Amino acid sequence: MSRSDASMWVGVVSLFPEMFEALTRQGVTGRAVDKGQIALEFWNPRDYATDRHRTVDDRPYGGGPGMLMKVDTLRSAIHDARERAEDATGQRPKVIYLSPQGRQLDQRGAQELAEGPPLVVVAGRYEGIDERVVEADIDEEWSIGDYVLSGGELPAMVLIDAAARLVPGVLGHQDSAVEDSFNDGLLDCPHYTRPEVIDGRRVPDVLLSGHHGAIRRWRLKQSLGRTWLRRPDLLEGRTLDAEQQALLKEFIEEYVP
Ligand SMILES: NC(=O)c1ccc(N[C@@H]2CC[C@@H](O)C2)nc1
């Protein structure tokens, strides 16, 4: 098959590729796939099963509950995805496995993944995969948070979405990626749209004023204030410039719990 011109190429190894239609057929990522900005290709370990029952799981040494992904079918799928990544992009891919034992995904991590090499993302099922496959075939383990899920597909979609939206040209309005929370390390400001009044609650006057400078400052003040209130940890070790310090001071002085 041909070389890919996509800005971001992702191979997915999963027993449930149809789950990823949430990414490929909807919204910003769906449009980016349609436009060829993002390439998503799938390898299903079940397609490599040679027995009558198309077995893809196997029993754990040492006993215990549950099963693991069968090694040979999984490794064949990863191998083919890796090979295709190199053919499609001319680059060696980064092979990622999703598990609670991985590096926690955050906006900085998403930016790194978006700027990095093509990805092969491995979504596990059952109790996971053989440790020797992690050692031999996985480059990086990533986690979307400290909780256990029944499969790696949802975390894989979270990781792909978080990275894909940072690929230049994917978001319609590139600025909206910048103004997002966590892009400048702050929480997002409040947003408002029609009608002007909801249950007696009005839109802040500054947003109706048309004064773009005042609006920018109001939004920055709200982001700083919200971060101070809800996630003070994000402000630790962060140097605020003079304007940000002044705006946060104003917010704190005006704040009535
Ligand atoms: N927090 C997470 O990112 C995360 C990732 C995967 C996961 N579950 C899969 C199922 C079997 C094994 O592959 C791991 N749960 C949570």
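Please read all numbers here as calculations on a predicted model, not as lab measurements. Remember, it's 1-based here, ligands and their atoms both numbered in the order they're listed.
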Q | Side-chain hydrophobic cluster, 4.5 Å single linkage: members besides Val203 | A | Tyr192, Val206, Leu207, Leu208, Ile215, Trp218

(Q) Give me each pair satisfying salt bridge (Lys or Arg N to Asp or Glu O under 4.0 Å) with a member in residues 15-26, each pair once, sequence neighbours excluded. (A) Glu21-Arg25

Q) Hey, are Asp47 and Arg54 close enough for a salt bridge, meaning a charged N less than 4.0 Å from a carboxylate O? A) yes

List of N/O pairs, ligand 1 versus protein, all under 3.5 Å?
unit_1	atom_1	unit_2	atom_2	d
ligand 1	1 (N)	Ser143	OG	3.3
ligand 1	1 (N)	Gly145	O	2.8
ligand 1	1 (N)	Tyr147	O	3.1
ligand 1	3 (O)	Ile144	N	2.8
ligand 1	8 (N)	Leu149	O	3.0
ligand 1	13 (O)	Tyr97	OH	2.7
ligand 1	15 (N)	Leu149	N	2.9

Q: For Trp228, enumerate each residue passing the ring pair (Phe, Tyr, Trp, His ring centres under 6.0 Å) test, keeping only those at least two apart in sequence or located in another chain.
A: Tyr255

Q | Exercise: do Gln91 and Thr89 side chains pair donor with acceptor under 3.5 Å | A | no

(Q) For the CG atom on Asp34, are there more than 12 heavy atoms of other groups (residues, nucleotides or ligands in this structure) within a distance under 6.0 Å? (A) yes

